Amino acid sequence: METVQEHPSAARPPLWRFLRHEWTLAVLGALFVAVVLTWPTLRHPASTIPGDIADPTLQAWQIAWGGHVLLTDPTQLWHSNTFFPERYTYAYSDTLLGYAPAGMIGSGFEAALIRYNILYVLLHALAFIGAYALVRQLGAGRVGGAVAGVAWAFAPWRLAHSGHLNILSAGGIALCLAMLARGHGWSLRHGYRPDRRRPGWAFAGWLVAAWQISLGFGIGLPLVYFLLAAGVVAAGGYGWSWWRRKQRPLFGRRLFLADLAGGVVFGAVTLGIAVAYFRVVELNPHAERSLAWTELFSPPLVGLVTAPSESWLWGYRHAATRDQLVWPPEMALLPGVTLIALAAAGLLVSSFRVRHRVALAAGVLGTGLLALGSNLGADGDPGYLTLSKHLPGWDALRTPGRMMLWTSLLLAVLAAGTITAAATAIRRVTDGWSSTRQRAVQAVLLVPLALVLVEGVNRTAHPVVPTPPAAWEQITEPVLVLPSDAGAFELNVMLWTTEGGFPQVANGLAGFVPVSQEQTRAATAFFPDPASVAYLRDLGVRTVLVMPDRLIGTPWEGVAERPVDGLGVTREEVDGVLVYRLD
């Protein structure tokens with residue numbers, strides 16, 4: 001009897017095959033690169049935070065609150081423990097609600113910091129995986145996918161947003177587009193292939209899109225409009241093909257139902273979150289911002305090729321140009337010199353068809369111009385301000401430079417086409433050579449990968465976060481912490497509430513000042529006096545914590561020296577902090 005020889009790979013154990021699988025290597029590689037290029041984030045995760053001690057501490061609290069409230073009382077999700085006694089306070093900024101499951105793990109101040117730092121690393125890994133998956137689905141090779149993943153996830157402009165977790169959390173955008181393209185059997189390289197349709201992938205893509213929206217509208221709203229526009233274009237193309245060929249193109253009921261169900265989930269999540277924001281504006285009409293904010297944050301043309309100070313490679317070199325920018329964190333928008341060069345080469349040499357390259361280039365140009373905001377033409381209309389005037393919700397996106405997220409993603413797709421074409425040419429030229437010589441020549445493809453890695457090296461600060469004072473353990477909620485001066489300290493207090501089960505505090509900081517908070521600050525300027533004590537008791541505040549070392553230069557500078565006799569108030573000092581009890 002003739003013996004049948006098995007393929008060598010068939011004899012390998014399942015674990016080995018799993019470890020060698022492309023997507024296993026991609027995920028492991030993404031995690032490794034994320035740890036290295038965000039270092040030293042994980043060096044002291046229980047005490048430091050990337051960026052600064054302002055917005056990151058707010059966002060660490062947001063994640064913790066989301067997990068806490070879903071475990072204890074989900075009906076109070078939007079009514080957080082801050083800005084007492086206001087309502088819908090969780091919707092005063094992008095909520096990062098999609099990270100709430102992580103917020104269910106652990107409790108307390110240190111857990112909130114550790115959780116934030118781990119998510120900071122993981123979101124970079126997800127951005128890599130999302131871009132890699134997208135360009136692979138579109139038809140690029142593995143090296144092209146790796147270059148695109150690194151170039152997008154660690155683009156120099158993103159380094160300026162080390163303190164904006166909601167802006168950095170963009171991996172779901174690329175990933176949902178990859179899943180939707182796979183589910184519909186579509187790629188740039190091969191077009192529409194009905195035999196490759198996968199309804200399950202399409203549905204999963206909609207779920208990922210819904211999750212991305214739950215991380216905030218700051219970058220999520222453009223995704224909503226992109227998917228709406230893509231749906232209209234796809235439906236139009238389908239109808240055109242039907243009319244032209246006189247027969248209905250293949251689509252399938254299962255795929256239609258997957259899109260319908262996924263679209264409903266996506267729409268429900270989007271509208272459900274939007275309702276909370278509408279309620280905030282209804283209760284606080286002054287929270288709605290004019291287009292003057294958009295004009296203020298609109299970058300000049302030079303901003304598109306200027307790196308932020310956090311860039312190790314370009315930061316010092318672009319210092320003089322950056323000094324010309326009014327607000328560098330939102331105006332230093334360099335997507336990467338290597339990325340721009342590879343994308344430009346992709347217009348001439350690419351694995352993608354010419355019409356697709358032209359479409360990608362048009363997308364790069366269009367989103368790049370939108371990123372200029374009001375500095376496009378005379379006044380940004382037509383342009384970004386046109387969208388602000390006519391698209392619901394767009395007027396709240398006051399930072400046009402964040403459109404660079406889409407510009408750099410399109411550049412990454414073009415760059416991947418260039419690398420893939422180069423890899424194909426190398427394989428063709430080296431066909432028949434020895435494996436050693438082939439690998440030596442193919443190593444050239446690692447050069448652009450190394451360059452985008454170098455451009456992603458950071459100089460991000462990792463300051464130590466102020467810890468809750470010892471007196472925090474002795475408070476009775478609701479509590480007011482003084483000074484309440486609308487500075488970053490307010491955000492630190494919000495994070496302190498993760499210690500002790502999220503007690504209610506009158507403190508908080510958002511893009512606007514609620515009326516009640518403004519009144520509290522005015523009423524307590526002479527605390528403790530009869531009027532301020534009566535006001536706080538009527539408000540419901542039971543404890544006032546005064547931080548003497550932070551009072552200098554604030555309206556509360558003389559609080560520590562004022563007597564409490566005859567006010568029915570007790571005062572004690574706990575490790576340098578004054579605790580006033582109003583009971």
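Keep in mind that what you see is a predicted model, and the values were worked out from it rather than measured. Computation of the quantities below employed the complete heavy-atom set of this structure, encompassing side-chain atoms and omitting hydrogens, waters and symmetry-equivalent molecules.
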query: Does a donor on one side chain sit under 3.5 Å from an acceptor on the other, for Asn117 and His44?
result: no
query: Do other residues, nucleotides or ligands put more than 12 heavy atoms under 6.0 Å from Trp201 CH2?
result: no
Validation row: Thr294, Ser374 side chains within 4.5 angstrom (heavy atoms): no
field: From CG (Leu347) to CG (Leu360), nearest 0.5 Å
entry: 9.0 Å
task: For atom OH of Tyr225, decide whether the heavy atoms of other residues, nucleotides or ligands shown that lie under 6.0 angstrom number more than 12.
output: yes
message: Name the residue from Leu223, Val364, Ile219 that meets the side-chain contact (heavy atoms from CB on, under 4.5 Å) definition with Trp406.
response: Leu223
task: To the nearest 0.5 angstrom, please state how far the CD1 atom of Ile419 sits from the CG atom of Leu449.
output: 8.5 Å
query: Do Ile49 and His462 touch side chain to side chain, with heavy atoms closer than 4.5 Å?
result: no
message: Please find the pair of heavy atoms, one from Arg357 and one from Val349, that lie closest to each other, and give the distance.
response: NH1-N, 4.0 Å
- prompt: If we only count heavy atoms from C-beta on, is the Leu325 to Val302 side-chain gap below 4.5 Å?
  reply: yes
message: I'd like to know if the side chain of Ser169 and the backbone of Asn166 have a donor-acceptor N/O pair within less than 3.5 Å.
response: no
task: Decide yes or no for Leu134 and Leu409: does some side-chain heavy atom of the first lie under 4.5 Å from some side-chain heavy atom of the second?
output: yes
statement: Here the gap from Leu414 atom CG to His356 atom NE2, rounded to the nearest 0.5 Å, amounts to 12.0 Å
Distance-minimising heavy-atom pair for Pro299 and Leu333: CG-CD1, 3.7 Å
query: Where is the tightest heavy-atom contact between Leu342 and Ala415, given as atom of each residue plus distance?
result: CB-CB, 3.6 Å
message: Once rounded to the nearest 0.5 Å, what's the spacing between atom CZ of Phe128 and atom CZ of Phe154?
response: 8.0 Å
message: Any donor-acceptor pair under 3.5 Å linking the side-chain atoms of Glu455 with those of Thr338?
response: yes
- request: Give, for atom CD of Gln212 and atom CG of Leu227, the distance between the pair rounded to the nearest 0.5 Å.
  value: 10.5 Å
query: After noting the C-alpha distance and the side-chain angles of Leu207 and Met179, does the key distance pass the side chain to side chain contact (heavy atoms under 4.5 Å, CB included) rule?
result: CA-CA 10 Å; Leu207 295 184; Met179 289 178 165; over 6 Å; no
- request: Please check if the side chain of Glu330 supplies one atom and the backbone of Arg402 the other of a donor-acceptor pair under 3.5 Å.
  value: no
task: Please step through side chain to side chain contact (heavy atoms under 4.5 Å, CB included) for the pair Leu372 and Leu304, ending with a clear verdict.
output: CA-CA 8 Å; Leu372 297 177; Leu304 300 182; 4.0 Å; yes
message: Under a 3.5 Å distance rule, please check whether Asn458 uses its side chain to pair with a backbone N or O of Leu37 as donor and acceptor.
response: yes
- request: Determine the minimum heavy-atom distance between Leu334 and Pro156, stating which atoms define it.
  value: O-CB, 3.5 Å
message: Within this structure, what is the CH2-CG distance for the pair Trp152 and Leu410, rounded to the nearest 0.5 Å?
response: 10.5 Å
query: With a 6.0 Å cut-off on ring centres, are Tyr120 and His124 close enough?
result: yes
message: Could you check whether Tyr192 and Ser187, counting side-chain N and O atoms only, form a donor-acceptor pair closer than 3.5 Å?
response: no
message: Just so I know, are the side chains of Trp314 and Thr306 near enough to count as touching, which here means a heavy-atom distance under 4.5 Å?
response: no
message: Please determine whether side chain to side chain contact (heavy atoms under 4.5 Å, CB included) holds for the pair Val27 and Ile129, giving the CA-CA distance in whole Å, both sets of side-chain angles, and the decisive distance to 0.1 Å.
response: CA-CA 7 Å; Val27 170; Ile129 294 168; 4.0 Å; yes
- request: Taking the side chain as every heavy atom from C-beta outward, state whether Leu445 and Ile426 have any atom pair closer than 4.5 Å.
  value: yes
query: In this structure, are over 12 heavy atoms from other groups packed under 6.0 Å from Arg353 atom CZ?
result: yes
- prompt: Going by the angle between their ring planes, with limits at 30° and 60°, are Trp211 and Tyr99 parallel, tilted or perpendicular?
  reply: perpendicular
field: Short side-chain to backbone donor-acceptor contact, Asp431 and Arg427, under 3.5 Å
entry: no
message: Do the side chains of Lys389 and Asp395 get close enough for a salt bridge, i.e. N-O under 4.0 angstrom?
response: no
- prompt: Do you see a donor-acceptor pair shorter than 3.5 Å between the side chains of Glu22 and Tyr132?
  reply: yes
- prompt: Is the backbone of Thr38 close enough, under 3.5 Å, to the side chain of Thr41 for a donor and an acceptor to pair up by distance?
  reply: yes
field: Full working for side chain to side chain contact (heavy atoms under 4.5 Å, CB included) between Val441 and Trp433
entry: CA-CA 10 Å; Val441 176; Trp433 293 13; 3.7 Å; yes
- prompt: Short question: side chain of Arg136, backbone of Ala131 - any donor-acceptor pair under 3.5 Å?
  reply: no
- request: Check whether any side-chain heavy atom of Trp206 sits under 4.5 Å from a side-chain heavy atom of Val264, and report yes or no.
  value: no
query: Counting only N and O atoms by type, is there a donor-acceptor contact under 3.5 Å from the side chain of Arg193 to the main-chain atoms of Trp186?
result: no
query: Under the 3.5 angstrom rule, does the side chain of Asn375 hit a backbone N or O of Ser298 as a donor-acceptor pair?
result: yes
query: Taking the side chain from Arg317 and the backbone from Leu313, do they hold a donor-acceptor pair closer than 3.5 Å?
result: yes
- prompt: Any cation-pi pair here, Arg459 with Trp312, using under 6.0 Å and within 45°?
  reply: no
- prompt: At their closest point, which heavy atom of Thr367 faces which heavy atom of Gly363, and how far apart are they?
  reply: OG1-O, 2.8 Å
statement: Closest non-hydrogen contact found for Gln62 with Leu96 is OE1-CD1, 3.7 Å
- prompt: Quick check: does any side chain N or O of Thr386 sit under 3.5 Å from a backbone N or O of Gly383, one acting as donor and the other as acceptor?
  reply: yes
field: Parallel, tilted or perpendicular: ring planes of His161 versus Trp157, cut at 30 and 60 degrees
entry: perpendicular
query: Mind checking whether Thr420 and Arg189 have side chains closer than 4.5 Å, heavy atoms only?
result: yes
